[in-house]
Amino acid sequence: DQQVKQNSPSLSVQEGRISILNCDYTNSMFDYFLWYKKYPAEGPTFLISISSIKDKNEDGRFTVFLNKSAKHLSLHIVPSQPGDSAVYFCAASNAGGTSYGKLTFGQGTILTVHP
Amino acid sequence: NAGVMQNPRHLVRRRGQEARLRCSPMKGHSHVYWYRQLPEEGLKFMVYLQKENIIDESGMPKERFSAEFPKEGPSILRIQQVVRGDSAAYFCASSPPTGANVLTFGAGSRLTVL
């Protein structure tokens, strides 16, 4: 039962263009969403998050959009840089409950940014 | 300012042996989480511990797996009588005493069962 889904296993983008990574969830109890970036042989690194009371959060080149009615979120990276090439994981939690820190992850999307 | 430290980074075991994975949380963090990543999959929650307490072990397999976070020393994830299906990357994460939605992950321990 995959509660968080990233339907695109991979995405290839030209340097300077926008990268859009998508994520869908099914559990309506999720109220906090995060994106992590992972390089090979390293642990996931936190990138950006959003609470369900917002529909957008921006941090530099990274913006996360949340559409609660569609149970969909997306990560926009603009402009994309070769150093952004990594696996991106979407994650969700029920922060209002007692198990904050218990994250449900998607399968990941491999982003490749070409120079 | 060390982050989350995991060791060993790589561990090879034969079927039936025991695997012990260790995790030292970030300084000032007292909440520890273990996640497992099977090949081609995302990370899956296993267990959430505070010092000397298991808070949530809903993701732990019912048999052969155990976790502890003693008053002194690192958190330990123990897998007894390993099988090939246990081969995976095991990630530890930590958060501060006030709790947090944002976890800091270690680099992981990759277990290979021959």
Side-chain angles (χ1 to χ4, degrees), chain A residues 1-10 21 23-25 27 29-54 57 59 64 66 86-110, chain B residues 2-10 21 23-26 29-50 53-60 67 69 75 88-110:
Chain A
D1 177 25
Q2 193 72 27
Q3 297 186 61
V4 177
K5 289 185 183 178
Q6 294 175 254
N7 290 317
S8 298
S10 62
L21 297 102
C23 178
D24 297 294
Y25 63 96
N27 189 338
M29 295 299 291
F30 289 147
D31 57 7
Y32 197 78
F33 304 89
L34 309 91
W35 285 93
Y36 279 83
K37 178 168 79 170
K38 185 181 180 305
Y39 293 117
E42 294 185 13
T45 303
F46 171 73
L47 203 52
I48 193 169
S49 62
I50 188 167
S51 164
S52 60
I53 61 174
K54 294 187 173 182
N57 188 26
D59 183 2
V64 56
L66 175 62
V87 180
Y88 287 78
F89 290 101
C90 170
S93 73
N94 177 12
T98 58
S99 292
Y100 51 78
K102 179 180 177 181
L103 303 179
T104 300
F105 281 84
Q107 311 94 306
T109 296
I110 301 170
Chain B
V4 178
M5 304 302 292
Q6 289 189 247
N7 67 85
R9 291 294 312 275
H10 300 275
L21 309 176
C23 169
S24 295
M26 272 188 75
H29 285 192
S30 58
H31 296 200
V32 165
Y33 306 80
W34 286 93
Y35 284 77
R36 175 166 68 172
Q37 185 183 22
L38 295 170
E40 309 299 324
E41 294 187 13
L43 284 75
K44 295 240 183 332
F45 169 80
M46 299 181 75
V47 62
Y48 162 35
L49 310 106
Q50 295 177 18
N53 279 309
I54 297 175
I55 306 302
D56 184 342
E57 56 180 347
S58 58
M60 288 280 269
F69 188 16
S75 175
Y90 291 83
F91 291 96
C92 173
S94 70
S95 68
T98 50
N101 294 309
V102 177
L103 304 184
T104 302
F105 282 86
S109 293
R110 183 163 295 281

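Throughout, a chain's letter reflects where its sequence line sits, starting with A, and its residues are numbered from 1. This structure is a prediction, so every number in the text was calculated from the model and none was measured.
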Heavy-atom distances under 4.5 Å only: say whether B:Gln37 touches chain A with side chain, backbone, both or neither.
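Only the side chain of B:Gln37 comes within 4.5 Å of chain A.
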Engaged part of B:Arg110 at the chain A interface, taking heavy atoms whose separation is under 4.5 Å:
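Neither part; nothing is under 4.5 Å.
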Residues which pass ring-ring contact (aromatic ring centres under 6.0 Å, His included) with B:Phe45, listed by chain and number, not counting sequence neighbours:
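B:Tyr35.
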Contacts of A:Tyr25 that satisfy ring-ring contact (aromatic ring centres under 6.0 Å, His included) - sequence neighbours left out:
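If we apply the ring-ring contact (aromatic ring centres under 6.0 Å, His included) test to A:Tyr25, skipping adjacent residues, the hits are A:Phe33.
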Test item: B:Arg36 side-chain N/O and B:Gly59 main-chain N/O as donor-acceptor pair under 3.5 Å
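Side chain of B:Arg36 to backbone of B:Gly59: no pair is present.
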Might you point out which heavy atoms bring B:Ala67 and B:Ile54 nearest each other, and give the distance in Å?
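Reported closest heavy-atom pair: O-CD1, 3.6 Å.
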Which bit of A:Tyr36 comes within less than 4.5 Å of chain B, counting heavy atoms only: side chain, backbone, both or neither?
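The answer is the side chain of A:Tyr36.
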